[in-house]
Amino acid sequence: MALFDASRFYRESESAMEMEKLVSLCKRRGFLFQSSEIYGGLQGFWDYGPLGVELKRNVKDAWWRDMVTGHDDLMTPPGAPEPYEMTGLDCTIIMHPQVWKCSGHYDLFHDYMVDCRESKRRYRFDQVRGRWCEYNGRRVFVTTMAEADTMEEDLQRRALKLFKLRGKDADKLDWDAEILDLPQVDKLSDVLGPDARETGTLTEPREFNLMFKTIVGALGGDEDAAFLRPETAQGIFVNFKNVVDSTRVKIPFGIAQVGKSFRNEITPRNFTFRSREFEQMEIEFFCHPNSSQDWYRYWRDRRMKWYTDLGLSGERLILREHDPDELSHYSTGTADIEYAFPFLPPGEFGELEGIAHRGDFDLRSHMEGKLDEKSNPLVVQVGADGKPKWRGSGKDLTYLNQETKERFTPHVIEPSAGADRATLAFLCEAYSEDEAPDDKGNMQTRVVMKFHPRIAPIKAAVFPLVKKDGMPEIAQQIYRDLKPSFNVFYDEKGAVGRRYRRQDEAGTPYCITVDSETLAEQTVTIRDRDSLEQTRVKVDDVADEIRRRLS
RNA sequence: GCGGGUGUAGCUUAGUGGUAAAGCCCUGGCCUUCCAAGCCAGUCAUGUGGGUUCGAUUCCCAUCACCCGCUCCA
């Protein structure tokens, strides 16, 4: 089954070809498979194969080690305002439904959509706005998706067209003053869709539930509905008090979590880039409001460096700071770390991680009730009855600085990374082809996955040059010596050149080969994946040498 | 969800209303002293479900998946 059939002009493009080859290699070598493939697959779900699981685990382990367990609580890292502590959590996928109401996901992820039968476009029900317009006894609700500054112009133009009038007849149109949202209109048959030429082309609004819904309890009905988490972050916010009370951490500190999240994406596409089940690596960093700007900048740069340190090139990786008008007003900064995936058109980038300054929005929402994102200063969002739309926990999630006796609601910096997206970026970055001579000296194309050694699924392969003269026995002993410390692989089948090539495709950085000199001098060769160079080291020093090169 | 395209072995491709072909890969063996060599043998496929037909991989319908363009993207 063709996993990636780049068609039309995209077939010409080098990057699409590269993507096609990468997808093929991922399946052939066992990095990634379609979920439930023998039943035809399931859209938006992917399985990691034997090599893929090692790769992804290495990515997650590197993140956890670099952000949490390896973090030095006592020092001030470069760029940081002061020392800080890091700790971790592992929360459940299913949480109290109120969590998602206060986080805003419930409202945001329960979109009602209308389709236009004529233009085949789809709109969010609550985002379509317009005005009633009357001409010649006919009353029509004209809608537009245009921005506020061009809205009037667009409405008038489209109304004139509908009524077959010229521009000079504009004053014959009788407009209602009020701008209404589509949900405020009773009859959709009177509505002129934003891209339609006739009225009545919009379908009734249909619910699109972007959170996976499930039932808690065997006999559960709708009142027992629960949701699979669409992000891991909320588990951290609702455990903020638990962590503070149980660990003696002091602000500033961060809580990290790695885990699965689920979003019922309308259009999963681009290999694993947009999956319905995916894994996140998130940090919620809690700090004093006064220093939050400095911490935001620190985390933005720190996270960018993490990717480059693991081998993503500066050319394909960008840090994109959001424009002020893209931000919620309570956020004083958001940056995306983006990668130029080969499946994207030239010049476009896909998000690997977002670093957001979230202010006190999340903690306050879980205390007081869901805040209104549009309010300034932030106030609890109220329903039609004047009561909070979604009640908060009522628990005190503020923080008391014991020394200064200052009590405040911490501000939050949120570096939120996609583990699958990072893994995919590392796969794309690693894929390369070069030329290497075969045993006859003819140049052959060599496919090699140039993973950073830290994330390479297999760290080293051990080969006897030939299957005789006691070489396999020596090689097996080296394999056994290394295996407790590293994921190493033993292979004695076929020509050694073929074994090297297989490891190149798996991205194994080093191959250790036992040859006749091993028998005489107790030395082996270590072959470098990228340079093809071989260096000779003593058998007893192999483990140290591999360890040195991997660190 | 809409429109278009594509589904034959792990991969790349043939082909047919009547036994589905090849190369590479893979597995085993022989041979091999450093980069996909050679020889022998072997495993493995018409996405799924219907319909038409004596017979469907081929024709028709539906469905699923992937790709492209819309749409969506907290």
Side-chain angles (χ1 to χ4, degrees), chain A residues 1-11 16 19-21 23-30 33-45 49 100 103-111 113-124 127 145 195 203 206 208 210-211 230-231 233 261 263-271 273-274 328 343 345 350-351 354 356 373 416 435-448 463-469 471 493-505 511 513-519 525 527 529 532-534:
Chain A
M1 182 184 295
L3 280 176
F4 188 89
D5 177 34
S7 58
R8 298 192 196 113
F9 65 91
Y10 256 122
R11 185 171 278 284
M19 194 62 204
E20 199 172 344
K21 289 177 181 173
V23 173
S24 170
L25 180 139
C26 280
K27 176 160 193 201
R28 182 156 41 88
R29 288 301 185 201
F33 308 122
Q34 252 187 308
S35 170
S36 323
E37 195 193 74
I38 63 169
Y39 287 105
L42 190 60
Q43 201 183 19
F45 296 91
W100 308 114
S103 72
H105 289 90
Y106 185 84
D107 294 334
L108 206 61
F109 279 29
H110 278 68
D111 288 341
M113 308 291 288
V114 291
D115 291 305
C116 178
R117 296 186 190 90
E118 184 190 310
S119 68
K120 304 296 182 194
R121 286 170 185 269
R122 171 176 295 166
Y123 315 94
R124 260 176 64 176
Q127 280 185 350
M145 296 301 284
D195 296 283
T203 61
R206 284 180 294 178
F208 279 75
L210 264 51
M211 280 196 289
E231 64 170 35
S261 292
R263 290 178 199 180
N264 218 342
E265 298 285 356
I266 294 171
T267 313
R269 216 166 262 194
N270 289 333
F271 208 22
F273 182 77
R274 178 166 292 133
S328 325
F343 49 76
E351 182 182 340
E373 300 91 341
S416 169
E435 303 260 301
D438 63 16
D439 70 331
K440 292 202 179 75
N442 299 320
M443 295 308 275
Q444 300 282 342
T445 300
R446 181 179 77 121
V447 173
V448 48
F463 305 146
L465 185 59
V466 289
K467 207 166 33 171
K468 62 182 186 187
D469 297 340
M471 291 182 202
K493 307 271 172 56
V496 72
R498 180 184 298 268
R499 285 177 262 158
Y500 285 143
R501 293 297 178 87
R502 261 197 289 256
Q503 293 307 314
D504 289 340
E505 282 197 343
C511 291
T513 304
V514 170
D515 58 16
S516 52
E517 283 184 54
T518 309
L519 307 173
T525 61
R527 176 242 195 205
R529 176 194 66 201
L532 301 177
E533 279 172 15
Q534 288 183 295

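These figures come from a predicted structure and were not determined experimentally. Here is the naming used below: chain letters follow the sequence lines, and residue numbers restart at 1 for every chain.
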For the pair made of [atom1] in [X] and [atom2] in [N], what is the distance, rounded to whole Å?
| X | N | atom1 | atom2 | value |
| --- | --- | --- | --- | --- |
| A:F463 | B:A36 | CZ | P | 13 Å |
| A:R502 | B:C25 | CZ | P | 10 Å |
| A:R499 | B:A37 | CZ | P | 11 Å |

Which nucleotide in the list [options] gets nearest to the side chain of [X]?
| X | options | answer |
| --- | --- | --- |
| A:R498 | B:C66, B:C35, B:A37 | B:A37 |
| A:Q534 | B:C25, B:U33, B:C34 | B:C34 |
| A:Q43 | B:C11, B:C34, B:C66 | B:C66 |

Remember a base hit wins even if backbone is also touched, and classify [X] as base, sugar-phosphate or nothing at under 4.0 Å, heavy atoms.
| X | value |
| --- | --- |
| A:D469 | base |
| A:L25 | nothing |
| A:G44 | sugar-phosphate |
| A:E533 | nothing |

Atom pairs under 3.5 Å, N or O on each side, protein against nucleotides 28-31 of chain B: can you list them with distances?
from  : atom 1 : to     : atom 2 : distance (Å)
B:G28 : OP1    : A:K493 : NZ     : 3.0

**Prompt:** Using atom C1' of each nucleotide, how far apart are B:U46 and B:C59 to the nearest Å?
**Reply:** 15 Å

**Request:** May I ask you to decide if A:G49's main-chain N or O and A:R29's side chain share a donor-acceptor pair within less than 3.5 Å?
**Result:** no

**Structure string for RNA chain B in dot-bracket form, Watson-Crick and G-U at under 3.5 Å, | interchain** = (((((((..((((....[..)))).(((((.......)))))....(((((..]....))))))))))))....

**Request:** Determine whether A:T518 and A:M471 make a side-chain contact, defined as any pair of heavy atoms from C-beta on separated by less than 4.5 Å.
**Result:**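 No, side chains not in contact.
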
